[in-house]
Each structure stands twice: as C-alpha cells, then as structure tokens.
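Notes to accompany the following structure.
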Amino acid sequence: MKKIIIANWKMHKLRKEAVDFVENLSAQKEVDIAIIPSFLALRDLKNAAPKEIAIGSQNMSEHSHGAFTGEISASMLKDVGADFVMLGHSERRKIFLESNDVITKKVERAVVENMPFVLCVGETLDERELGETKEVISVMLDALSALIGSHWDLVTIAYEPVWAIGSGKVATPDIISEVHNYIREKLLEFTPEKGEGIRILYGGSVKSDNIAEILSIDNVDGALVGGASLDPLSFNQLINEVSI
Ligand code: 13P
C-alpha cells in the first residue's frame with residue numbers, strides 16, 4: 001500500500017504562510033502527501049497546492065446544517081475544497097471534551113456526506129499504565145460500527161498515543177507494532193473484505209530522524225505529523241526520508 005504523510009498544522013499558519021509553504025513543496029511519486037490547515041486557509045491552500053496533495057479539515061460538525069453557532073458542516077467544507085476531514089483528534093477529545101458518542105455521530109455524518117475521514121484514536125499515559133490501551137482503542141474504533149459496504153473506502157485510522165503528541169517521546173517500535181496489529185485485527189473483524197486495505201497511520205513526535213524506522217513497521221501505512229510539519233525545510237526533509 002502506498003504510504004501517506006499528513007501534516008496537521010493545528011492552530012498555526014495564516015493563509016499566506018500556508019500558500020508559501022505549499023509552493024515550496026514538491027509532490028512525490030513514492031508517497032502521498034496531505035495537509036490539514038486551519039479552516040480559514042483551506043480554500044487558499046486548495047487553490048495553491050498541486051492537485052496530488054490532498055487538503056483536509058481539522059474537524060466537522062455532526063449536523064448537516066442549522067442553528068449551531070460556530071460550527072462548520074461537511075457541505076461547507078466541500079464548498080471550500082476540502083478533500084477529507086480529521087475526526088476525534090485527542091486535542092478535540094481532551095480540550096474540547098468531544099466524547100466517543102459525538103465522534104461516532106461525526107463519523108456517521110461523514111459517511112452520509114460521502115466525506116473521506118481520518119479517525120484518530122489513542123490512549124493517555126494513565127490508560128497505558130493501567131493496561132487499558134487496547135480496550136480504550138477498541139471503544140474508540142466502535143465509532144465505525146455503522147459502516148458498511150463501500151463506505152470503508154472513506155476510512156483512514158490514525159493511532160496517536162496522547163503521551164507521544166508534542167512531547168518528543170515517540171512510541172517504541174514494539175508499542176507501535178502491537179497497537180497497529182491490534183487495529184488491523186479490529187478492522188478485519190469489521191470488514192474482512194476491506195480491512196486489509198485501510199490505511200493505519202502513526203502520529204506522535206514523528207520527525208525526519210525517526211520516520212523511516214516508523215514506516216518500516218508492519219501495518220504502519222503512513223504518519224500524521226504535527227510539529228515537524230510546520231517548517232517547510234523539516235517537512236521536506238521528512239518526506240525525502242520516506243522517498244529514499
Ligand atoms: P506532534 O507531531 O507535534 O507530536 O503532533 C502529533 C499530532 O497531534 C498530529 O495530529
């Protein structure tokens with residue numbers, strides 16, 4: 001399966017910074033690249049980026065439309081050119097208190113709207129130390145319960161251990177391998193036909209000096225990169241590591 005590197009810019013970069021970044025980024029044949037900017041930079045980035053680079057949104061309302069002040073719908077995202085949406089990032093879960101129930105509704109909305117999505121899952125340090133990692137991830141993956149048939153083509157999973165995000169503490173290859181294998185098993189339970197073809201990405205302190213090792217692990221089909229995706233030099237370096 002072709003690997004993918006996704007840059008999650010979180011709450012960084014104005015429109016001009018986003019456009020300047022992408023103008024200095026060369027699309028690669030060996031690896032797919034996607035960028036998730038702020039909502040407000042989506043349209044500019046979509047217009048500026050080579051068409052091989054997918055542009056995603058960091059969140060999406062579970063509602064189709066209506067009186068939901070401050071929310072952004074799937075059709076609004078499509079209207080500005082978003083190719084996919086990221087759902088259930090741990091910062092949404094932890095800081096903005098998005099529950100599994102809400103994230104499940106967002107997954108259902110993405111399916112209704114035919115919007116490809118990256119579902120983020122991952123345990124906190126406490127959960128890991130209590131031996132609850134698999135249970136926590138299994139409950140998060142239950143957000144996929146309503147999916148059937150060809151809808152599985154919309155799905156990408158990102159394993160992002162909360163304790164590895166922005167901390168400089170990358171998960172060990174053994175941890176990554178164990179959890180990615182577990183996620184693959186769960187996907188195959190959901191869909192024996194499509195489970196093998198669903199990408200599972202790793203995220204959490206991915207940098208140019210660890211990306212090659214991480215991507216060499218079985219069932220790691222790409223990476224979701226925060227901090228190291230903000231500087232064009234370090235992001236290009238990271239991509240070059242994958243393309244070697
Ligand atoms: P860092 O790469 O900064 O650890 O962030 C990971 C992340 O949250 C990507 O979604």
Side-chain angles (χ1 to χ4, degrees), residues 3-13 17-18 21 25 31-39 41-42 45 53-60 77 82-98 103 106-107 110 116-125 127-128 133 136-137 140-141 143 155-173 175-176 179-180 183 199-215 217 220-242:
K3 311 269 188 200
I4 184 167
I5 306 294
I6 305 184
N8 172 14
W9 283 349
K10 309 191 181 186
M11 201 169 73
H12 295 284
K13 292 197 191 293
E17 293 167 320
F21 182 102
L25 194 67
V31 61
D32 287 331
I33 299 172
I35 300 178
I36 311 184
S38 83
F39 287 124
L42 274 168
L45 201 59
I53 296 185
I55 307 298
S57 144
Q58 296 180 15
N59 193 15
M60 182 186 83
L77 293 173
D83 301 301
F84 71 100
V85 60
M86 177 170 65
L87 300 174
H89 191 279
S90 69
E91 285 149 20
R92 299 300 318 170
R93 295 178 190 264
K94 194 169 65 177
I95 306 170
F96 301 101
L97 308 181
E98 282 189 18
I103 293 160
K106 292 184 181 205
V107 166
F117 64 92
V118 179
L119 173 66
C120 302
V121 301
E123 79 287 4
T124 63
L125 191 56
E127 289 162 345
R128 168 154 291 276
T133 298
V136 166
I137 286 172
M140 290 176 173
L141 288 175
V155 181
T156 299
I157 305 295
Y159 169 52
E160 296 207 301
V162 179
W163 46 272
I165 295 178
S167 63
K169 273 192 235 163
V170 65
T172 62
I175 289 178
I176 298 175
V179 177
H180 279 240
I183 293 173
R199 276 171 165 154
I200 307 172
L201 318 183
Y202 170 78
S205 296
V206 174
K207 310 239 172 341
S208 59
D209 58 6
N210 59 26
I211 182 94
E213 182 182 21
I214 290 169
L215 292 190
I217 300 168
V220 177
D221 307 307
L224 183 51
V225 186
S229 74
L230 291 174
D231 172 51
L233 272 181
S234 77
F235 193 58
N236 268 319
Q237 213 178 342
L238 192 143
I239 287 165
N240 288 337
E241 285 295 324
V242 185

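Just follow the structure's listing: the first ligand is 1, and inside any ligand the first atom is 1.
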Supply the atom-to-atom distance Ile165 CD1 to His89 NE2, rounded to the nearest 0.5 angstrom.
4.5 Å
What is the distance from atom CD1 of Ile157 to atom CE of Met140, rounded to the nearest 0.5 Å?
11.5 Å
Please, which pairs that meet salt bridge (charged side-chain N to carboxylate O under 4.0 Å, His left out) have at least one residue in residues 220-232, sequence neighbours excluded?
Arg184-Asp221
Using the test salt bridge (Lys or Arg N to Asp or Glu O under 4.0 Å), find all partners of Asp83 that sit at least two apart in sequence or belong to another chain.
Lys46
Polar pairs, ligand 1 vs protein, N/O only, below 3.5 Å.
| from | atom 1 | to | atom 2 | distance (Å) |
| --- | --- | --- | --- | --- |
| ligand 1 | 2 (O) | Gly226 | N | 2.9 |
| ligand 1 | 3 (O) | Gly227 | N | 2.8 |
| ligand 1 | 4 (O) | Gly166 | N | 2.6 |
| ligand 1 | 4 (O) | Ser205 | N | 2.8 |
| ligand 1 | 5 (O) | Lys10 | NZ | 3.4 |
| ligand 1 | 8 (O) | Lys10 | NZ | 2.8 |
| ligand 1 | 8 (O) | His89 | NE2 | 2.8 |
| ligand 1 | 10 (O) | Asn8 | ND2 | 3.0 |
| ligand 1 | 10 (O) | His89 | NE2 | 2.9 |
| ligand 1 | 10 (O) | Glu160 | OE1 | 3.1 |
| ligand 1 | 10 (O) | Glu160 | OE2 | 3.0 |

Mind telling me whether Trp9 and Phe21 have parallel, tilted or perpendicular rings, with 30° and 60° as the class edges?
perpendicular
Tell me, which pairs form a side-chain hydrogen bond (donor to acceptor under 3.5 Å, both in side chains) where one or both residues lie in residues 161-172, sequence neighbours left out?
Glu123-Trp163
